[in-house]
Each structure stands twice: as structure tokens, then as C-alpha cells.
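As C-alpha cells, the structure follows; a few thoughts come after it.
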Number of protein chains: 2
Amino acid sequence: MSSHPAAEQPWNRQRLRSNNEWLLLERLRTAGPASRAQLARDTGLSKPTVSAALANLEQAGLAREAGTLAPERGRVAVLYEPDPTAGHVLGVDIGRGWLRIAVADLAGEIVARRDVPNRGRTADAVADAVVAAARAAIEEAGLVPGAVAHAAIGTPGVWDESEQRVRYAANLPGWGRRGLFDRIRAGLDTEISVHNDANLAALGEYARGAGVGSRLFVYLLIGTGLGMGVVSGGRLQKGAHGAAGEIGFLPRPGGPVACEEGERAQRRGTLESAAAAESVVRTARELGLRGAGTAKQVFDAARAGDPAALAAIDREAAQLAYAVAVVSSVLDPDLVVLGGGVGHSADLLLGRVEQELHRLTPLRPRLAPSLLGEEAVLIGALATALRTARPEVFERRSAALDRV
Amino acid sequence: MSSHPAAEQPWNRQRLRSNNEWLLLERLRTAGPASRAQLARDTGLSKPTVSAALANLEQAGLAREAGTLAPERGRVAVLYEPDPTAGHVLGVDIGRGWLRIAVADLAGEIVARRDVPNRGRTADAVADAVVAAARAAIEEAGLVPGAVAHAAIGTPGVWDESEQRVRYAANLPGWGRRGLFDRIRAGLDTEISVHNDANLAALGEYARGAGVGSRLFVYLLIGTGLGMGVVSGGRLQKGAHGAAGEIGFLPRPGGPVACEEGERAQRRGTLESAAAAESVVRTARELGLRGAGTAKQVFDAARAGDPAALAAIDREAAQLAYAVAVVSSVLDPDLVVLGGGVGHSADLLLGRVEQELHRLTPLRPRLAPSLLGEEAVLIGALATALRTARPEVFERRSAALDRV
DNA sequence: TGGAAAGTAAGGATACTTAACTTAATCACA
DNA sequence: TGTGATTAAGTTAAGTATCCTTACTTTCCA
């Protein structure tokens with residue numbers, strides 16, 4: 001799970017104390033409030049040690065009392081929990097249509113929220129809009145910008161850490177410019193980290209959605225494009241260059257469509273062009289559906305029984321089944337979640353994808369629809385920011401205590 | 001890298017000492033011999049602490065002196081290194097043609113070796129042959145069976161830990177029986193672990209072959225079947241059910257072959273049937289090559305300039321390029337190594353696969369031939385056994401010291 | 001013989017454990 | 001209802017292990 005900042009290093013006595021305090025805090029966070037005696041039993045530490053550590057944590061503002069619990073007989077136990085107000089984080093989802101921004105406390109509870117339409121014509125305008133909305137949310141939460149411990153930002157494309165810029169975000173002009181995110185960092189006066197939106201959505205579903213408890217979990221983001229996030233043992237799999245899950249580039253499977261269109265189309269065709277929202281509309285039109293301009297309209301027509309729309313959805317399901325089959329063969333996940341605008345139409349898609357999958361491969365993971373929908377990226381951003389911020393807040397408040 | 005056995009647990013003082021001794025030993029192992037003063041500088045521990053820890057390690061038989069090193073001026077430093085004779089491990093490769101067995105010391109040096117042809121008609125006969133050869137190797141190394149700290153065994157198929165049996169090893173009759181590996185365990189009087197052969201080969205190439213230093217490394221085993229192993233950050237990716245990398249089940253790509261053969265063949269066809277050794281022979285025959293019964297013969301004919309053989313190899317390369325493209329899209333590795341009987345013919349395959357890959361996808365990892373060849377599984381088995389055995393030997397010898 | 005680096009010894013600080021104690025609740029029973 | 005037994009939470013005090021600092025010795029080269 002989360003590791004103490006100074007792991008894999010030699011230990012001296014101060015690290016020992018600090019590490020034990022961190023471990024107690026993590027236990028309170030993940031397993032819920034507990035008394036000192038309970039913690040001593042669970043961790044193997046002695047009661048006096050636990051008492052001393054909790055006194056330190058409380059003085060540092062990292063833990064607080066959380067009511068009492070009476071055992072069957074004997075003295076009433078005082079329960080402790082992490083103090084969620086010890087720090088705050090910012091999550092940002094830079095979507096094509098909307099900018100979504102939230103401030104959360106260390107327990108992950110959202111304390112302020114801002115959604116604004118993404119009207120920016122230029123990359124700089126979008127960056128400025130993000131900063132303005134974020135500052136408004138921070139103020140609403142009763143904080144000053146510098147008080148936010150970490151901000152995690154989700155965007156289409158792949159973040160190049162060494163160049164400090166986004167790659168492969170073709171749809172957003174100027175978004176790959178260097179220095180763009182320095183502008184956001186300066187505007188927020190906070191450490192930021194930038195992540196692929198599908199990856200954050202995967203983390204979001206893993207943290208609080210359909211992927212909770214999964215050992216190896218794959219999230220398919222099917223919308224304007226086709227993206228994927230892989231969460232293994234609670235950690236995101238990013239690949240060697242941060243491009244893991246870019247299955248939009250997959251060669252398209254050999255199927256009737258590919259054969260009909262001839263070899264040239266096969267070479268150019270990628271899975272993204274065959275499975276993203278746009279292709280559902282295109283296929284439906286080719287099959288005779290009129291008046292459908294968006295994927296949502298095609299799905300609505302299918303629900304109303306239109307045969308062309310249904311056929312288009314069959315084709316879409318076949319493409320997705322291929323994607324799932326490929327991912328299953330390579331990774332062996334126990335769960336694949338369909339998300340994004342198209343993936344959200346689980347009522348129509350899920351059964352068809354499963355049926356097609358039966359024909360393709362014996363390795364079949366569980367399929368499930370997204371639970372978080374449009375919120376997945378934002379919640380994943382908060383989860384990511386929390387993962388970074390928690391040890392940092394702990395370090396800072398512990399150190400402040402020592403100086404006294 | 002390797003973690004102390006008791007990580008993520010609260011620490012008391014004894015664990016502190018034990019942990020620091022373990023860390024010093026790991027440092028000696030990975031960074032080479034060093035003096036006490038050197039270790040103190042590197043780790044941040046004080047000189048007296050390092051001296052005491054090394055005295056303990058030496059008394060426990062875990063470390064030993066390794067010569068001296070004179071600085072520019074001043075007293076000569078005494079160097080220390082891990083004592084490789086502190087324990088031994090066994091590695092076993094149960095291949096279709098050969099049983100390969102090696103005994104290695106804790107430094108990974110092979111001290112005894114046995115290769116015997118796999119003549120077993122029944123699974124039990126194979127198990128008995130493994131035990132006999134292993135006992136012979138252990139004796140040759142001057143050990144008794146119980147003295148081996150761990151034995152790692154590689155076999156085709158997927159090891160099911162909860163059922164304690166192998167799954168999906170279709171080619172070996174009876175090999176999936178429960179209790180088969182209990183027989184080996186009893187015969188060796190040692191803790192054993194069982195692993196997929198492609199996975200072990202991947203670990204072998206990562207530990208001592210073409211994959212050294214790779215961040216995310218994929219090994220393709222192309223031979224009788226088609227297998228894959230993924231090593232991420234030094235750890236094997238096994239998937240949720242241990243079936244990660246079973247790309248033999250991949251749907252076959254749409255290509256001229258698929259179209260020609262019609263839809264029914266596409267449904268049945270898998271990548272394994274299209275890319276394994278047998279298919280090279282089949283394709284070459286279809287294209288007019290006569291007298292080639294094995295893949296090796298096809299490759300030899302190609303080297304001699306035979307056009308049918310060359311065409312068959314082009315097709316094989318296209319199938320492999322598809323496999324690499326799929327894996328790259330999903331995982332983003334920085335290196336893909338081709339191994340196994342077919343993969344070993346890198347002179348003919350590598351360039352063709354790279355060329356085909358250019359047509360398929362912009363995400364192109366580095367390609368390289370296997371360095372270890374047929375030895376990869378065995379070396380991976382030793383590396384795996386060592387990873388398990390090192391902490392165990394450390395624990396045992398440390399504990400023995402405390403009891404005095 | 002002096003300088004420099006390796007290595008050791010002694011003393012002090014710290015964070016842990018154990019064991020015994022106090023506190024505060026329930027229960028049994030007069 | 002009151003009183004003591006019982007049980008569990010939490011504290012205090014004493015003891016111990018491990019580490020660090022400081023000062024020292026050893027051993028080599030110039």
C-alpha cells in the first residue's frame with residue numbers, strides 16, 4: 001500500500017519512532033477508528049509505545065479523538081482517527097467539454113467544487129481558466145492557495161516528466177507546449193503532478209468505484225478517443241515511457257469489416273478509429289440510420305428498437321470485445337470496467353461484449369460498467385493527490401513538532 | 001529491489017538491528033565488496049554500528065572478508081562481501097526435450113549441473129527423473145538434500161497455487177494431476193515453488209541476459225508454443241490468476257491470410273497456431289518448400305536462399321510483429337526480447353519484425369534477441385529460488401546466532 | 001615522524017519492552 | 001442499593017537494546 005517516505009534505508013532511532021507513528025496513522029485510516037489497546041494488540045507494539053505515539057500524532061494535529069467504545073466489561077476505550085483537516089489537496093480534470101475541480105481533505109471528502117465549461121480557444125486560456133476556477137474553489141474551502149499540499153491534474157495525452165510537457169494530445173492545439181504547466185503551478189502556488197486522464201479514471205474507479213478490491217484491474221475509457229488504465233496491486237502501471245494503455249494504436253482485428261474495406265484501410269485503421277464514439281455514429285449512418293449526430297443519439301435509437309442502430313452497436317461491441325480479449329491475454333485482469341461516454345451505455349453494450357468475448361478467447365475477466373461515470377477522472381485525481389500529500393503532510397507536521 | 005521479510009510491519013529494536021544487518025548485506029551483494037568505513041559513509045550509519053553489524057554477519061556465516069584495499073594515504077581498509085556458501089538453491093527446467101537442473105550458491109554461481117533427456121512416458125516418471133537428477137546434482141555439489149534452501153521449478157502451463165497443480169499444460173499427459181509436485185517436494189526434502197517456464201525465462205533474461213537494467217521488459221518465448229513473461233521494476237507480472245502473458249490465445253490479426261482462409265478459420269485461429277514453430281513449417285510447405293520437417297530446417301533453407309522458406313519467415317515475422325504491437329500498446333515496454341527455438345533465429349527475424357512493426361504502430365520498443373538461449377528458464381529458476389532463499393537463509397542464521 | 005584514513009572504546013541519548021499499577025466500567029450477590 | 005470481584009483501558013516506572021557522538025588507537029604512506 002502506501003510506503004513510508006524513507007523506506008529501504010537504514011534505520012536509526014528517530015526513523016523508528018517516525019515509522020511507527022506513520023504505521024499507526026495508516027492503520028487508523030485504512031481500518032477505521034481504534035483504541036490504543038486495540039492498536040497495541042493489532043500491531044504488536046506495547047501499550048505505552050502506542051500511547052506515546054498517539055499523543056505525538058494528536059499534538060501534531062495528525063490524529064484526534066473519535067468518540068468512545070464500551071467493551072462488554074471494563075473501562076471505556078477512547079477511539080482515535082486521523083484528523084482529516086491536517087491537510088487538503090486539489091484535483092483537476094481537464095476534459096474536452098468541462099473543467100472539473102475539487103478540493104478535498106485528507107480523508108478524501110470533497111469540501112469545495114467548481115465545474116466550468118471548457119471554452120478556452122488557446123492552451124493558455126485553458127490554463128488560466130483552470131487557475132481561476134481552482135483559486136475560487138480553494139477560497140470556498142476557506143484556504144489559501146499555499147495551504148494545499150498537492151494538486152493532481154488529469155489531461156488527455158501522455159505527460160513527459162523530463163520535458164515537463166504533454167505529448168500525443170492531438171485534439172488540443174498548443175497543449176503540448178513546454179512551460180504551460182509551469183504557468184498552472186505558479187498560479188496555484190502548489191506542487192502539481194500531471195497524469196493521463198484514463199489513468200486517473202482507472203485509479204478513481206479503483207479507489208471508490210467499480211474496481212474496489214480488485215487485484216489487477218483494467219479501465220477502458222471509450223469516448224472521444226479510446227484509452228486504458230491498468231491498476232495492479234493498487235499501483236498504476238505506467239509503462240517505460242508513460243504510454244501503457246494507449247490501445248488506441250492497436251492494429252484492428254481481422255474481421256468482415258477489415259476485409260471488405262481492403263488492405264489499405266487495414267494499414268491505416270487503428271482500434272481507436274474503429275471503436276471511439278465517432279465510429280459508432282459513422283457505422284450507424286452507413287447502415288441506414290438517419291439524423292444521428294452523436295453516439296448518445298445512436299444508443300437512444302437502439303433503445304427505441306432501430307435495427308440500424310442496434311447493428312452499429314453490435315459492431316461496436318465486437319471491437320470492444322477484441323480490445324478486452326487482447327488485454328486479457330497480455331495482463332490477465334480479474335476485472336475490466338467500461339467507462340467514458342460510450343462505455344457508460346452498459347445496458348446495451350455489456351451483454352454484447354461478453355457474448356462476443358466468448359467467441360474470441362477462453363480467458364474472460366469479469367466485466368462491469370463504470371460506477372463513477374464522468375466523475376472518475378476527478379476522483380482519481382484526488383486519490384492520486386492524496387497519495388502524494390499524505391506522507392508529505394505527515395513529514396511536515398512531525399518535523400514541526402521536533403523543532404519545538 | 002528485494003525487501004526485508006518483515007517490511008510494512010511495526011519495528012521494535014531487534015527488528016531495527018536485524019534490518020540494518022540485512023541492508024548492509026544487500027548493499028554488499030548489489031554494489032560489491034566494501035570496507036566498514038565505506039559502508040558507514042554510504043548508508044549514513046555510524047562506523048561503530050557498521051562494525052558491530054558486520055561482526056554479527058561474519059559470525060553468522062553470512063559475510064566474510066574479501067581482501068584489502070589501500071587508500072591513497074592512510075590505513076589499509078578490510079573489504080567484506082556476502083559469503084556465497086551461506087546457502088544453496090536448486091533450479092529446475094522441465095522442458096519438453098530435456099530436464100535441466102543446477103545447484104547454485106547464494107551468489108548465483110552454479111556449482112553443479114545435470115542435463116538429462118526427458119524420456120518420461122508418464123508424469124510420474126518425469127517427476128522421478130527430476131528427483132533423481134536433482135539428488136545427483138546436490139550430491140555433486142557436496143550437499144545433502146535438506147541443505148538446499150529452496151528449489152524453483154519451471155514447467156509449461158500455469159501453476160495453480162491453491163489447487164497445488166499445473167493447469168493448461170495440454171501437451172504433457174497427466175501433468176495437471178494433483179499431488180505430482182508433492183512427490184517432487186518429498187523427494188527433494190526441500191521447499192519448492194513452481195512457475196511458468198516463459199515467466200522464468202523472462203526473469204532469467206532480466207537477471208543475467210538481454211533484459212538487464214530494463215524498466216519494463218517483455219520476453220517472448222516462441223517455440224513449440226507461444227508464451228510471454230513480463231518483468232516490471234524487477235518483479236514478474238503474473239496477473240490475477242497467474243495467466244498473464246498467455247498470448248497464445250490472442251485473436252489472430254486481420255491480414256491477407258485470415259481473409260483468404262475465410263471467416264470460420266478466423267474464429268478458430270489463435271496467435272499460437274499462427275506463430276508457433278509448427279506454423280512456420282506448415283506455411284513453408286504450403287508455399288512449396290519440400291523436405292522441411294522442423295522450423296530449424298526452414299530457417300536453414302532460408303539462409304541458403306530458398307524463396308519459399310524466406311516467404312514463410314516473412315509471414316512468421318508479421319505474426320510476431322503483431323504480437324509485439326499488441327504488447328506495446330498495452331504495456332509500453334522499453335525492451336522486447338525474442339527467445340525460444342524460433343526466437344533464437346534473430347539474424348533472420350529481427351529485421352523483418354522491426355520492419356513490419358513500423359507499418360503497424362508508432363509505439364515501438366527496442367527489440368533484441370535472447371542472450372541466454374536455452375538456458376534462460378534454468379537461470380530464471382535459479383534467480384527466483386535465490387530471491388526466496390536469501391531472506392530465509394538470513395533469518396535462519398541470524399536467529400541461530402541469537403539463541404547462543 | 002607527521003598526516004590521513006580505518007577501525008575501536010566509552011559514554012550518553014532514545015525508543016522500546018515488561019511489569020506493576022491506576023482507572024473505570026460491568027457483574028454477582030447480599 | 002451498596003459492595004467487592006472481575007475485566008479491560010490506559011499509565012507509570014524500571015530496565016534494556018541499539019544507535020550516535022566523541023575521543024581514541026592502529027596502520028599505512030610520504
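Residue numbers start from 1 in every chain, and the chains themselves are labelled A, B, ... in the order their sequence lines are given, proteins ahead of strands. These values consider heavy atoms only, across backbone and side chains, with no hydrogens, waters or symmetry-generated copies.
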> Is there a side-chain contact between A/Leu106 and A/His88, using heavy atoms and a 4.5 Å cut-off?
Replying inline: no
>> I want to check one thing: is the phosphate of C/dC16, taken as OP1 and OP2, less than 4.0 Å away from some side-chain N or O of B/Arg15?
In response: no
> Does D/dT18 have OP1 or OP2 sitting under 4.0 Å from an N or O in the side chain of B/Asn20?
Replying inline: no
> C/dT17 C1' sits how many Å from B/Leu16 CG, rounded?
Replying inline: 14 Å
> Does B/Glu161 pair with B/Lys238 as a salt bridge, N-O distance under 4.0 Å?
Replying inline: no
> Of all the choices, D/dC28, C/dG7, C/dC16, which nucleotide is nearest to the side chain of B/Val76 once you look at every atom?
Replying inline: D/dC28
> Separation of B/Lys47 atom NZ from D/dT26 atom P, in whole Å?
Replying inline: 15 Å
> Between C/dC16, D/dC19, D/dT11, which nucleotide gets closest to the side-chain atoms of B/Thr49?
Replying inline: D/dC19
> How is A/Ser35 classified with respect to the nucleic acid when contacts are heavy atoms under 4.0 Å: base, sugar-phosphate, or nothing?
Replying inline: sugar-phosphate
>> Reading DNA chain C from 5' onward, which residue's closest nucleotide shows up sooner: B/Arg36 or A/Pro71?
In response: B/Arg36
> What integer distance in Å separates B/Glu65:CD from C/dG7:C1'?
Replying inline: 12 Å
>> Does D/dC19 have its OP1 or OP2 closer than 4.0 Å to a side-chain nitrogen or oxygen of B/Ser46?
In response: no
>> Could you report the tightest heavy-atom contact between B/Pro391 and B/Leu386, atom names first, then the distance?
In response: CD-O, 4.4 Å
>> Do the side chains of B/Arg64 and B/Glu58 get close enough for a salt bridge, i.e. N-O under 4.0 angstrom?
In response: no
> Separation of A/Leu57 atom CG from C/dA15 atom P, in whole Å?
Replying inline: 14 Å
> From the list C/dA15, D/dC20, D/dT21, which nucleotide is the closest neighbour of the side chain of B/Leu45?
Replying inline: D/dC20
> Do A/Leu79 and A/Thr68 come within less than 4.5 Å of each other through their side chains, counting heavy atoms only?
Replying inline: no
> For B/Ser51 and C/dG7, is the shortest distance between a side-chain N/O and OP1 or OP2 below 4.0 Å?
Replying inline: no
> Separation of A/Glu21 atom CD from C/dT14 atom P, in whole Å?
Replying inline: 15 Å
>> I want to verify a distance call: between D/dC19, C/dT17, D/dA9, whose nearest atom is closest to the A/Ala37 side chain?
In response: D/dA9
>> Can you measure A/Arg17 atom CZ to C/dA13 atom C1' for me and round it to whole angstrom units?
In response: 13 Å
> Atom CG of B/Leu24 to atom C1' of D/dC19: distance rounded to whole Å?
Replying inline: 13 Å
>> Heavy atoms only, 4.0 Å cut-off, all strands: where does A/Glu72 land among base, sugar-phosphate and nothing?
In response: sugar-phosphate
> Does A/Gly74 or B/Val78 map to a spot on DNA chain C nearer the 5' end, using the closest nucleotide for each?
Replying inline: B/Val78
> What is the distance from CZ of A/Arg73 to P of D/dG4, rounded to the nearest Å?
Replying inline: 18 Å
> Within the structure, does a side-chain N or O atom of A/Arg41 lie under 4.0 Å from either OP1 or OP2 of D/dA8?
Replying inline: no
>> Tell me whether A/Arg397 is salt-bridged to A/Glu392, with the criterion being a basic N under 4.0 Å from an acidic carboxylate O.
In response: no
> Looking for any heavy atom pair under 4.0 Å, which part of the strands does A/Ala70 touch: base, sugar-phosphate only, or nothing?
Replying inline: nothing
> Do A/Arg75 and D/dA9 have a side chain to base donor-acceptor pair shorter than 3.5 Å?
Replying inline: yes
